[in-house]
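Input: a single structure, listed below in structure tokens.
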Amino acid sequence: MWRVLLGGACAASVRTGTTPLQLLRMGASTASKASFAELRSGDDLRSGIAGFYDASSGVWEEVWGEHMHHGYYADNGRKDHVQAQVDMVEQVLGWARVDDATPASMLDVGCGIGGSSRHLARKYGCSGVGITLSPVQVARAQQLSHAQGLGTQLSFQVADALTSGCESTRYAFAHCAPLRASPAGAKVACRCCRCRALQVADALDMPFADNSFDLVWAMESGEHMPDKRQFVAELARVCKPGGRVVVVAWCHRDLAPGEEALSPREERLLRAINRAFYLPRWCSVSEYSRLAAEQGLAQIRSDDWTDKVKRFWPAVILSAIRPRSLFSLLRSGFKTIRGALVMPLMILGQRRGLVKFGLITARKLPLPPPPSSPPSSFVSPRIPSTTNPVSAIRAEQVSPAEAKAGASILEPPPAGFEWGGFF
């Protein structure tokens, strides 16, 4: 396997101007010069993530379809890998008990090309919004949604774009004439009818009102967020009272009692992965749960599905070295190639017990009912002692025939009884 990857690195070296050994070193151990400081600033991360997915999404879709996340392999049997990704969505929905309260609206944070968004829209008939840092992913997500008859239910938004519209620097899809005609490297803003719903969004400061969505879904996007606390706070903020938040993320292992940090060896491994996939520091599943509790979310549950996804990375590597996939990989550029070269490190991290596939779900408590107004003080009017109220009420209800016949309305009161007094 490594001979094949080395061959790919040799071919890539012609395109990138670096030696094959340099490519492999950058993929496997780029963290050595960075000590334990963060490798990239927030702006560098955002631009790097957008560029990485701009370059790699087409290759991924060609081989693995419209879902861009782990597959579910709990049965350990042979399985179609595209179906395994669909199964992952279904299994997470079941685990999180989303069916207990069918969502009418949902937000897909880190939507990729909209695979989860479309699945949720079809399953629940809900409307939805997807956000991603990649303008290429947004354009493709919108195109696929229209092609599948979901264009009116779903919209997709570019995160951290400088202008509205699906702005792209290198890639275009067939539906968009302005993008298709643009020269390579030129920035254009697509205003076609299929992209007009796009607008600027930031997952750490989302442009949605409080309490906007019944379901807030983040499938393998939290690992890209440099501020995990703010990320969870935004998920909680835009979730409707009574709604549900679901986070599926790459995590590192929980720290043991008395342990303050991961070991230097573990940090080096994660840093090599971070460099290739444009990730900030990781956190543990228990840390996500703690952050959810900080935001007042309730019914918090978490789980570790690492054993259920272990077949995923070996399958991705095998698919990448097939002749057709390898050719597409080499054409996609240096960022995608470097990501491919560190995939074995994900397997290594799982085997060491460092890399975990974590699930977290929680509900946002319903709003308390408005306080009931205090009962107004009621003073009963004093009834004149000369008036018999029962006789008066009954007199209003007596028919003319009864009155003419001299029907008795009430028996006379006992001797000594007086209305309004004591007896």
| query | Relative to the ring of F213, is the ring of F208 parallel (under 30°), tilted (30 to 60°) or perpendicular (over 60°)? | reply | perpendicular

Value for CZ (F231) from CG (L291), rounded to nearest 0.5 Å, stands at 10.5 Å

Nearest heavy-atom approach of F312 to G71 is CD1-N, 3.4 Å

*asked:* I'd like to check K310 versus Y73 (side-chain heavy atoms, cut-off strictly below 4.5 Å). Are they in contact?
replied: no

Would the distance check show the side chain of S319 and the main-chain N or O of V316 forming a donor-acceptor pair, the cut-off being under 3.5 Å? yes

Point to revise | Expected output: side-chain D214 to main-chain G243 donor-acceptor under 3.5 Å | key: no

For S57 and Q137, does a side-chain donor sit closer than 3.5 Å to a side-chain acceptor?
yes

Between A236 and L297 the two heavy atoms that sit nearest each other are CB-CD2, 4.0 Å

Taking every heavy atom of M225 against every heavy atom of P280, the minimum-distance pair comes out as O-CG, 3.4 Å

When every non-hydrogen atom of I113 is compared with those of G65, the smallest separation belongs to CD1-O, 4.3 Å

CG of L107 to SG of C126, rounded to nearest 0.5 Å, is 11.0 Å

Checklist entry - Within the distance-only criterion (no hydrogens, no angle test), does the side chain of S127 pair as donor or acceptor with the backbone N or O of S105 below 3.5 angstrom? => result no

ask   = With side chains defined as the heavy atoms from C-beta onward, is the minimum distance between C251 and D304 less than 4.5 Å?
value = no

Q.
What I'd like to find out is whether the side chain of L270 reaches to under 4.5 Å of the side chain of V355, using heavy atoms alone.
A. yes

From the list R253, R352, R271, side chain to side chain donor-acceptor pair (under 3.5 Å) partner of E266 resolves to R253

message: Using modelled atom types and a 3.5 Å cut-off, is there a donor and acceptor pairing between side-chain atoms of Q299 and backbone atoms of R363?
response: no

query = Between the main-chain N or O of V129 and the side-chain N or O of Q157, is there a donor-acceptor pair closer than 3.5 Å?
reply = no

From the list E287, Q295, E234, E294, side chain to side chain donor-acceptor pair (under 3.5 Å) partner of R229 resolves to E294

Is the ring centre of H224 less than 6.0 Å from the ring centre of F52? no

> In terms of the angle between their ring planes, are H69 and H67 parallel, tilted or perpendicular, with boundaries placed at 30° and 60°?
Replying inline: perpendicular

Any side-chain heavy-atom pair from L215 and L120 closer than 4.5 angstrom? yes

d(M106 CE, C239 SG) to nearest 0.5 Å is 13.5 Å

- Task: Check the pair R351, I347 against side chain to side chain contact (heavy atoms under 4.5 Å, CB included), reporting the backbone distance first and the verdict last.
- Result: CA-CA 6 Å; R351 288 177 179 173; I347 300 174; 3.6 Å; yes

Please walk me through it: do T132 and F156 pass side chain to side chain contact (heavy atoms under 4.5 Å, CB included)? CA-CA 8 Å; T132 172; F156 298 90; over 6 Å; no

Applied to residues 117-132, the salt bridge (charged side-chain N to carboxylate O under 4.0 Å, His left out) test, sequence neighbours excluded, yields E66-R118, E90-K123

Distance col, row H70:NE2 vs M88:CE, nearest 0.5 angstrom, shows 7.5 Å

Please check if any side-chain donor atom of Y278 sits under 3.5 Å from a side-chain acceptor atom of D44, or the reverse. no

Query raised in the report: Any side-chain heavy-atom pair from R311 and P314 closer than 4.5 angstrom?
Result: no

(message) If only side-chain N and O atoms count, and only distance matters, is there a donor-acceptor pair under 3.5 Å linking W250 with E220?
(response) yes

Shortest non-hydrogen pair, S117 vs G130, comes out as OG-CA, 4.5 Å

Audit row: V285, L359, side chain to side chain contact (heavy atoms under 4.5 Å, CB included) steps and yes/no:
CA-CA 7 Å; V285 177; L359 282 71; over 6 Å; no

For this session: Determine whether more than 12 heavy atoms belonging to other residues, nucleotides or ligands lie under 6.0 Å from atom CZ of R301.
Result: yes

- [ ] Evaluate the side-chain proximity of V245 to K364: yes if any heavy-atom separation is below 4.5 Å, no if none is.
- [x] no

Under 3.5 Å: donor-acceptor pair, side chain of S212, backbone of A209:
yes

Side chains of S286 and D254 only: does a donor on one sit below 3.5 Å from an acceptor on the other? yes

Practice item. Determine whether W305 and Q91 make a side-chain contact, defined as any pair of heavy atoms from C-beta on separated by less than 4.5 Å. Key: yes

* Asked: Considering only heavy atoms from C-beta outward, does the side chain of S56 approach that of K335 to under 4.5 Å?
  -> no

Separation between CD1 (I300) and OH (Y288), nearest 0.5 Å, reads 14.0 Å

Rounded to the nearest 0.5 Å, the OH atom of Y72 sits from the CZ atom of F357 at a distance of 10.5 Å

Closest non-hydrogen contact found for R244 with V246 is CG-CG2, 4.0 Å

